[in-house]
Amino acid sequence: MLEEIKQLDKKYYMNTFGDRLPVCFEKGEGLKLIDDKGKVYYDFLGGIAVNAIGHGHKDFTDALKKQLDKVIHTSSLYYIENQAKLAEKIVENTCADKVFFANSGAEANEGAFKLAKIYFYKKGIEKYEIITLDKSFHGRTLATVAATGQEKYQKPYRPLTPGFKQVEPNNFEAVKAAVTDKTAAIMIELVQGESGVHPMDKEYVQSLRQLCDEKDIILIFDEVQTGMGRTGHLFAYEMYGVEPDIFTSAKALGCGIPIGAVCAKEKVAAAFEPGDHGTTFGGNPFATAAGLAVFDIFEKENVVKNAEEMGEYFKNSLNELKEKHSEKIIEIRNAGLLIGIQVEDSIAKAVFNKLFEERILTSLCGGNTIRIAPPLIIKETDVDLFVSTLDKILEVM
Ligand SMILES: Cc1ncc(COP(=O)(O)O)c(C=O)c1O
């Protein structure tokens with residue numbers, strides 16, 4: 001069957017993903033994904049930080065089925081119970097006062113850019129520049145590509161959406177030098193995911209907050225990957241003791257049902273007035289039922305606490321492995337269960353492939369870093385399985 005799907009994909013699907021890994025999953029249960037031949041894989045990537053509650057969680061699928069039987073989509077022309085209730089949940093649990101729902105991370109970031117710009121427009125102040133960081137990743141739409149500090153994503157799409165510029169991460173002087181009287185916003189990921197899991201320094205993030213306060217600049221955190229418990233905190237800004245004016249969320253917010261969110265302080269959110277922004281699907285009854293079910297499961301199963309504890313356990317186990325394979329493992333970087341294992345450049349691709357052969361799913365990012373972002377419900381035995389498999393692989397490399 002896999003061969004047939006590969007042929008269909010090659011013939012009919014745009015070639016944006018090239019040769020994918022040779023597997024097609026039919027079913028999921030917790031950390032396990034099962035392919036069309038019944039082979040079991042262990043999902044240590046969680047659909048790239050999406051499947052926070054694992055696969056096939058019964059309370060989740062029951063809630064979705066229940067909503068399917070009621071109503072899937074109405075329109076933003078009418079009031080939507082789940083939408084209002086999910087917005088309430090987010091506000092109750094974060095520093096945000098208001099929420100707007102989109103369909104993806106990139107679309108949430110677009111909403112954040114628009115909100116930052118309209119905030120100044122409504123005040124009659126001409127500010128429109130947005131500063132982001134080198135090696136960042138903010139999405140694949142035109143404005144988010146302009147925000148993404150990676151040449152390979154930007155090059156084919158020049159001229160880019162104007163107004164964006166990038167500076168070196170974790171370098172406060174660089175960002176200070178880039179600020180002008182036209183700077184509307186600074187947007188960062190607190191932990192850069194795509195570049196190989198690089199957390200920002202606490203002092204740097206606190207200095208950015210101060211700078212934004214002094215210069216009347218909107219501070220935006222892109223928490224599309226770090227949000228919803230990934231770092232052992234519901235949102236990563238909690239680790240820094242710094243509140244943004246706007247943050248965005250997506251990925252684990254719907255645990256696989258597409259949803260994104262722009263979350264903002266009242267002062268900024270008030271700039272959006274009727275007609276200024278909108279969406280057809282965003283926050284529809286089905287997508288927001290998913291978000292509500294995710295919050296319910298997080299609360300019932302103490303998912304964020306588990307992420308914190310398992311993140312610590314994973315990091316410690318990997319650091320022990322690093323001592324054993326000190327020439328092959330260069331560095332372990334993590335924030336909770338967003339973990340990067342930087343290995344020696346020349347073996348990175350082979351380690352990734354070997355893990356796949358052992359049916360352990362990860363991703364290779366930043367060229368030399370194995371990224372793991374497993375479901376946040378993992379247990380010590382799952383971590384042990386990963387670490388012993390990696391140990392076995394490194395022993396013969
Ligand atoms: C930090 C960050 N922002 C934005 C995005 C884009 O999200 P989406 O693919 O849902 O548009 C991603 C996706 O990987 C991400 O990691």
Side-chain angles (χ1 to χ4, degrees), residues 14 16-17 45-52 100-116 130-150 152-154 157 161 164 166 169 185-200 205 219-231 233 235-237 239-240 244 246-263 279 281-283 287 290-291 294 333-340 361-366 369 371-374 376:
M14 291 193 199
T16 53
F17 302 110
L45 189 60
I48 318 189
V50 170
N51 303 105
F100 176 87
F101 292 116
N103 305 286
S104 67
E107 201 189 325
N109 286 340
E110 290 270 352
F113 301 148
K114 285 178 76 177
L115 184 55
I130 296 173
I131 299 173
T132 61
L133 301 182
D134 290 336
K135 299 191 181 139
S136 57
F137 187 84
H138 298 296
R140 302 293 205 140
T141 60
L142 280 173
T144 56
V145 161
T148 290
Q150 298 192 53
K152 67 177 177 194
Y153 295 125
Q154 294 188 337
Y157 301 109
T161 306
F164 289 89
Q166 280 86 50
I186 297 172
M187 179 162 92
I188 65 164
E189 293 157 87
L190 291 165
V191 184
Q192 289 189 331
E194 297 294 309
S195 75
V197 187
H198 292 98
M200 294 300 123
V205 177
L219 183 60
I220 308 172
F221 293 157
D222 176 345
E223 294 240 26
V224 166
Q225 185 154 169
T226 51
M228 293 306 288
R230 174 61 43 201
T231 64
H233 301 267
F235 285 91
Y237 70 79
M239 289 190 297
Y240 289 85
I246 306 175
F247 67 90
T248 53
S249 176
K251 290 196 183 265
L253 180 58
C255 278
I257 303 301
I259 185 168
V262 186
C263 312
T279 167
F281 298 125
V294 169
R333 295 183 291 270
N334 88 307
L337 283 172
L338 184 54
I339 304 173
L361 305 174
T362 64
S363 81
L364 184 62
C365 56
T369 300
R371 174 177 46 175
I372 43 184
L376 306 181

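Just so you know, ligand 1 is whichever comes first in the structure, and atom 1 is the first atom listed for that ligand.
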Problem - I188 side chain reached by S136 side chain, heavy atoms, under 4.5 Å - result: no
Problem - Contact list for residues 250-259, test salt bridge (charged side-chain N to carboxylate O under 4.0 Å, His left out), sequence neighbours left out - result: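 The answer is none; no pair qualifies.
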Handout entry: Those protein residues which place at least one heavy atom below 4.0 Å from ligand 1
Key = S104, G105, A106, N109, F137, H138, G139, E189, E194, D222, V224, Q225, K251
Handout entry: Validation row, ring centre F235 to ring centre F221 under 6.0 Å
Key = no
Problem - Which atom of R230 lies closest to which atom of T226, heavy atoms considered - result: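 Heavy-atom minimum between the residues: CB-O, 3.5 Å.
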Problem - Smallest separation among heavy atoms of A290 and G254, with atom names - result: CB-O, 4.1 Å
Handout entry: Ring geometry between Y237 and F247 (parallel below 30°, tilted from 30 to 60°, perpendicular above 60°)
Key =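 Judged by the thresholds at 30° and 60°, the geometry between F247 and Y237 is tilted.
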